[in-house]
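Below, read A as the first sequence line, B as the second, and so on, with proteins coming before strands; counting in each chain starts at 1.
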There are 2 protein chains.
Amino acid sequence: MSTRDATARLAFEVVKTACSNCNLRELCLPIGLEADELKKLDALVSTRRRLKRGDYLYRAGQGFESIYAVRSGFFKTDVLIEDGRDQVTGFQMTGELLGLDGISSEIHTCNAIALEDSEVCAIPFSHLEGLSRQIQPLQHHFHQVMSREIVRDHGVMMLLGTMRAEERLAAFLLNLSQRFKARGYSPAEFNLRMSRDEIGSYLGLKLETVSRAFSRFQDEGLLSVHQRKIRILNTSRLKQLMSHQRL
Amino acid sequence: MSTRDATARLAFEVVKTACSNCNLRELCLPIGLEADELKKLDALVSTRRRLKRGDYLYRAGQGFESIYAVRSGFFKTDVLIEDGRDQVTGFQMTGELLGLDGISSEIHTCNAIALEDSEVCAIPFSHLEGLSRQIQPLQHHFHQVMSREIVRDHGVMMLLGTMRAEERLAAFLLNLSQRFKARGYSPAEFNLRMSRDEIGSYLGLKLETVSRAFSRFQDEGLLSVHQRKIRILNTSRLKQLMSHQRL
DNA sequence: CTCTGCGTTTGATCCACGTCAACCCGCTTA
DNA sequence: TAAGCGGGTTGACGTGGATCAAACGCAGAG
């Protein structure tokens with residue numbers, strides 16, 4: 001093990017007490033920082049905020065100051081237009097970032113709402129910019145995070161533009177499954193935090209259509225569904241259902 | 001006029017010879033830089049590339065090294081999945097950036113194709129990161145550009161998820177119109193650079209549906225359409241058609 | 001325990017858009 | 001000048017998902 005690794009490993013323990021749970025992903029812990037760099041980073045994310053289910057983390061139209069890293073819990077973001085229509089633009093879980101949309105105009109362009117009791121780290125954006133001018137790996141990591149968000153959005157556009165209802169739901173479930181797995185939870189069994197209506201809004205479908213697709217998957221033995229408790233029984237069939245389907 | 005303004009004004013003339021036409025927007029000219037900063041920036045964008053209609057600027061799967069600023073011309077980006085389906089994720093015109101999707105994994109995730117003879121500035125990304133560690137306004141501007149892309153994508157998700165065919169086409173045309181206007185062209189009369197099929201792919205519709213929507217708009221006196229030449233005759237009705245429509 | 005209410009499921013019907021097919025138009029090539 | 005061709009338009013018809021409506025089931029309140 002190199003001395004750099006050792007230093008990082010040591011520093012990891014330090015930062016762990018400050019950011020004990022959201023270590024592994026996204027911005028919270030760019031691997032490979034020096035001890036003093038980590039100390040600065042630790043100061044950066046010192047502001048915490050707790051939210052109860054249903055609370056708004058921020059609203060469209062509010063001034064933008066910070067981005068947020070989810071420490072625990074579950075969020076949705078949505079945008080609405082005058083006539084009352086709205087669209088869920090994403091669901092965020094532990095370790096993921098919220099608020100990147102606000103950077104462009106210094107004003108949030110969507111609402112972020114806790115779907116269960118949650119905790120976030122607020123990261124004042126000007127501090128982050130300052131630090132990332134000093135710490136190159138942090139800068140690069142942040143750019144990657146923003147870029148990943150763009151790639152994710154393209155995936156959703158693909159889904160909304162070309163897939164049919166069952167393919168969309170399959171893609172959605174597989175994505176959730178993979179994200180739970182990456183966090184050390186079961187990829188096969190989990191509780192949905194969002195309603196059928198919210199899933200539908202995200203997928204560009206009505207809740208009835210979502211419900212019917214769940215029922216069909218259950219009938220075909222791909223899933224077991226009880227309320228919001230999902231068990232995936234046949235991942236590979238789900239995958240092939242998602243990816244070609246021209247049968 | 002402050003001395004800073006004067007300096008910037010002076011430097012503007014210098015950079016103008018290097019980046020004569022794509023000054024005003026996106027990344028090419030963050031206003032307010034000092035003369036020596038502008039000199040560095042000028043060096044950054046020194047690599048040019050010409051493309052003919054149909055040429056690929058980059059392809060999905062290729063390694064990522066640079067982002068590109070469109071100096072002149074018109075591009076589309078699209079993603080494809082195994083089964084042959086594809087989705088146009090955006091159209092880029094003069095002054096807009098291409099390639100932000102590649103930052104996350106160092107690999108391009110979509111294709112960028114010239115829809116007419118075009119010229120781009122290649123901006124090596126590691127250089128850009130280096131410079132933006134030194135020049136705070138550049139850094140901030142770049143972050144805004146990435147964030148704007150995310151906001152734009154959310155707009156497309158909204159469009160794909162909640163709007164019907166005519167609303168989508170109206171939104172698309174109004175967006176194009178506004179972008180032409182911002183570049184000093186007529187917002188009311190312009191030539192589409194893309195086929196009905198490409199519009200359809202972007203809007204999540206089939207080309208026949210796009211064609212019918214054009215015809216209906218023409219019948220109703222909102223547009224005149226001749227091939228790819230569009231004249232907008234009634235902007236306000238187009239806008240209200242796009243935004244509520246629950247009539 | 002019942003009552004109330006919201007989220008969900010399920011069924012019947014409708015309609016916007018997709019699909020399939022014919023035809024047209026402007027351009028290129030011979 | 002004709003022939004071929006790619007892109008665009010238009011029509012007839014089919015269908016996936018929206019809409020409307022009813023009923024279910026779990027949770028919290030009384």
Side-chain angles (χ1 to χ4, degrees), chain A residues 53-54 76 83-88 113 115-116 159-173 191-220 223-230 241-242 245-247, chain B residues 53-54 76 83-88 113 115-116 159-173 191-220 223-230 241-242 245-247:
Chain A
R53 181 190 155 97
K76 71 167 178 182
D83 58 19
R85 285 181 285 187
D86 70 331
Q87 169 89 13
V88 171
I113 300 152
L115 294 181
E116 60 183 28
L159 179 147
L160 293 171
T162 74
M163 293 186 179
R164 54 189 52 211
E166 293 191 2
E167 298 176 276
R168 295 183 197 189
L169 186 62
F172 172 70
L173 292 171
N191 283 303
L192 299 174
R193 267 70 170 189
M194 70 293 284
S195 68
R196 300 290 188 262
D197 194 34
E198 286 163 333
I199 296 172
S201 174
Y202 182 62
L203 298 178
L205 303 169
K206 293 291 158 186
L207 70 297
E208 294 95 328
T209 306
V210 174
S211 177
R212 280 185 240 272
F214 269 125
S215 300
R216 191 131 5 109
F217 284 170
Q218 175 143 336
D219 292 348
E220 288 168 4
L223 299 179
S224 87
V225 185
H226 294 105
Q227 319 270 115
R228 298 187 177 184
K229 176 144 207 147
I230 303 293
L241 195 159
M242 177 189 71
Q245 169 76 337
R246 305 283 90 138
L247 15 123
Chain B
R53 182 190 153 98
K76 71 168 179 182
D83 56 20
R85 284 181 286 186
D86 70 331
Q87 169 89 12
V88 171
I113 300 153
L115 294 181
E116 61 183 29
L159 180 147
L160 292 171
T162 74
M163 292 186 180
R164 53 189 53 210
E166 294 192 0
E167 299 176 275
R168 295 184 199 191
L169 186 62
F172 172 71
L173 292 172
N191 283 303
L192 299 174
R193 268 70 171 189
M194 70 293 284
S195 68
R196 300 289 188 264
D197 195 33
E198 287 163 333
I199 296 172
S201 175
Y202 182 63
L203 298 179
L205 302 168
K206 293 294 158 185
L207 67 298
E208 293 95 330
T209 305
V210 173
S211 178
R212 279 184 240 272
F214 269 125
S215 300
R216 190 130 6 108
F217 284 170
Q218 174 143 332
D219 292 348
E220 290 169 1
L223 299 180
S224 87
V225 185
H226 295 103
Q227 319 270 114
R228 297 188 177 183
K229 176 144 207 145
I230 303 293
L241 195 159
M242 177 189 70
Q245 170 75 337
R246 303 286 89 139
L247 18 119

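- Rounded to a whole Å, the NZ atom of Lys229(B) is 15 Å from the P atom of dG26(C).
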Check: residues 196-210 of chain A side-chain donor-acceptor pairs under 3.5 Å, at least two apart:
residue   : atom : partner   : partner atom : Å
Arg196(A) : NH2  : Gln227(A) : O            : 2.8
Glu198(A) : OE1  : Ser195(A) : N            : 2.9
Glu198(A) : OE1  : Ser195(A) : OG           : 3.4
Glu198(A) : OE2  : Lys76(A)  : NZ           : 2.9
Ser201(A) : OG   : Val88(A)  : N            : 2.8
Tyr202(A) : OH   : Arg152(A) : NH1          : 3.2

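- Going from atom CG of Leu192(B) over to atom C1' of dG8(D) covers 13 Å, rounded to whole Å.
- In this structure, Arg164(B) places its CZ atom 11 Å from C1' of dT19(D), rounding to the nearest Å.
- Evaluation of the salt bridge (charged side-chain N to carboxylate O under 4.0 Å, His left out) rule for Arg53(A) yields no partner, not counting sequence neighbours.
- Looking at residues two or more places apart in sequence or on another chain, you find a side-chain contact (heavy atoms from CB on, under 4.5 Å) between Ala170(B) and Phe217(B), Leu238(B), Leu241(B), Met242(B).
- Each end of the helix from dC1(C)-dG30(D) to dA30(C)-dT1(D) yields a helix axis from five base pairs, and these two axes differ in direction by 30° (to the nearest 10 degrees).
- Using modelled atom types, one side-chain atom of Gln218(B) and one backbone atom of Val225(B) make a donor-acceptor pair closer than 3.5 Å.
- Considering only side-chain atoms of Lys206(A), the nucleotide from dT19(D), dG18(C), dC17(C) that sits closest is dT19(D).
- For Glu167(A) and dG16(D), the CD to C1' distance is 12 Å, given to the nearest whole Å.
- Side-chain N/O atoms of Thr209(B) include one lying less than 4.0 angstrom from OP1 or OP2 on dG18(C).
- Note: CD (Glu166(B)) to C1' (dC15(C)) measures 14 Å, nearest angstrom.
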Every protein N/O within reach of nucleotides 3-9 of chain C N/O, cut-off under 3.5 Å:
residue : atom : partner   : partner atom : Å
dT8(C)  : OP1  : Arg228(A) : NE           : 3.1
dT8(C)  : OP1  : Arg228(A) : NH2          : 3.4
dT8(C)  : OP2  : Arg196(A) : N            : 3.0
dT9(C)  : OP1  : Arg196(A) : NH2          : 3.1
dT9(C)  : OP2  : Arg196(A) : NE           : 2.8
dT9(C)  : OP2  : Ser211(A) : OG           : 2.7
dT9(C)  : O5'  : Ser211(A) : OG           : 3.2

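- Judged as a salt bridge (charged side-chain N to carboxylate O under 4.0 Å, His left out), and not counting sequence neighbours, the contacts of Glu116(A) are Arg193(A).
- One interatomic measurement links the two molecules: CZ of Phe217(B) to C1' of dT9(D), which rounds to 16 Å at whole-angstrom precision.
- Among the protein residues, Gly200(B) comes within range of no part of the nucleic acid, since none of its heavy atoms lies under 4.0 Å from any strand.
- Taking atom CG of residue Leu160(B) and atom P of nucleotide dG17(D), one finds them 15 Å apart after rounding to whole Å.
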